Amino acid sequence: MNWQLVETICNYLGALSFVFGSVFLLIAGIGMVRLPGLYERMHAAAKPQWLGVFLVAVGTVLVTRSASWTAVAILMVTLQTVSAPIGSHLLARAAYRGGQVDLSDLCDDELARDEAAAQQQRRSRPQTARKSS
């Protein structure tokens, strides 16, 4: 097998991955600045940003072909995969509870329904008397 050809192909694919990853990261940055609403900005912060980070990590692995850089890339993508949805969810919940969200933008307000059901359940639960010592 011609290893020089394989290395050249890996280098070109890695460079292409860097370019596309950078484009997605640029799109995410522009979306964070230009999009009008909170939910649109959260989408720009999570979706294209994750794809950009993933493509840059793939490019790093293809260009370096090193076990240590592969481990770093896997760790980077794993942490991004875990933290981006959690951060977006917490931001949305905090904005909703703080009254910073236009409720007319929501198709179905599941959080309000869940909170009303929890409040109804708390009201129907009998109150237990606490013993004083």
Side-chain angles (χ1 to χ4, degrees):
M1 180 171 234
N2 189 355
W3 289 109
Q4 184 125 15
L5 178 65
V6 171
E7 285 183 4
T8 303
I9 290 172
C10 283
N11 285 337
Y12 280 118
L13 288 176
L16 196 63
S17 181
F18 281 135
V19 169
F20 283 127
S22 299
V23 167
F24 274 103
L25 289 171
L26 178 66
I27 290 170
I30 292 170
M32 288 291 297
V33 173
R34 301 282 300 181
L35 290 174
L38 174 76
Y39 293 126
E40 292 91 357
R41 288 182 180 179
M42 283 181 358
H43 180 80
K47 306 292 186 210
Q49 186 266 346
W50 182 90
L51 185 58
V53 168
F54 175 77
L55 288 173
V56 168
V58 167
T60 302
V61 170
L62 287 173
V63 170
T64 60
R65 293 180 291 282
S66 161
S68 60
W69 279 106
T70 302
V72 168
I74 289 171
L75 181 64
M76 183 173 63
V77 170
T78 302
L79 290 174
Q80 190 64 38
T81 302
V82 170
S83 65
I86 293 171
S88 292
H89 174 78
L90 291 175
L91 180 64
R93 193 171 181 108
Y96 179 87
R97 288 190 171 174
Q100 302 296 318
V101 176
D102 183 15
L103 296 178
S104 65
D105 289 344
L106 301 176
C107 297
D108 186 21
D109 193 355
E110 294 176 7
L111 185 58
R113 187 175 56 229
D114 291 346
E115 287 180 345
Q119 190 174 23
Q120 177 82 18
Q121 187 177 19
R122 281 193 298 269
R123 282 190 207 142
S124 65
R125 196 178 301 155
Q127 297 291 326
T128 58
R130 298 176 102 183
K131 293 181 181 179
S132 29
S133 345

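Every heavy atom of this structure was used, including side-chain atoms; hydrogens, water molecules and symmetry mates were not. Computed from a prediction, not measured in an experiment: that's the story for all the values here.
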Check whether any side-chain heavy atom of [X] sits under 4.5 Å from a side-chain heavy atom of [Y], and report yes or no.
X: Phe18; Y: Leu55; result: no
X: Phe24; Y: Val53; result: no
X: Met42; Y: Leu35; result: no
X: Val77; Y: Trp50; result: yes

Would you say [atom1] of [X] has more than 12 non-hydrogen atoms from neighbouring residues, nucleotides or ligands within 6.0 angstrom?
X: Tyr96; atom1: OH; value: yes
X: Arg34; atom1: CZ; value: no
X: Tyr39; atom1: OH; value: yes

Closest contact, heavy atoms only, [X] versus [Y]:
X: Thr70; Y: Ser66; result: OG1-O, 2.7 Å
X: Leu38; Y: Ala95; result: CD2-CB, 3.1 Å
X: Val61; Y: Ala73; result: CG2-CB, 3.6 Å
X: Gly59; Y: Ser17; result: N-OG, 3.3 Å

When hydrophobic residues are tied together by side-chain contacts of less than 4.5 Å, even through go-betweens, does [X] share a cluster with [Y]?
X: Met32; Y: Leu90; value: no
X: Ile9; Y: Leu62; value: yes
X: Leu26; Y: Phe20; value: no

So, taking the atom named [atom1] in [X] and the one named [atom2] in [Y], what distance separates them when rounded to the nearest 0.5 Å?
X: Ser83; Y: Gln80; atom1: OG; atom2: CD; value: 4.5 Å
X: Ile30; Y: Leu25; atom1: CD1; atom2: CG; value: 11.0 Å
X: Leu91; Y: Ile86; atom1: CG; atom2: CD1; value: 13.5 Å
X: Gln120; Y: Arg122; atom1: CD; atom2: CZ; value: 10.5 Å

Exercise. Apply the test side-chain contact (heavy atoms from CB on, under 4.5 Å) to residues Arg65 and Asn11: give CA-CA distance (whole Å), side-chain angles for both, the deciding distance (0.1 Å), then the verdict.
Key: CA-CA 10 Å; Arg65 293 180 291 282; Asn11 285 337; 3.3 Å; yes
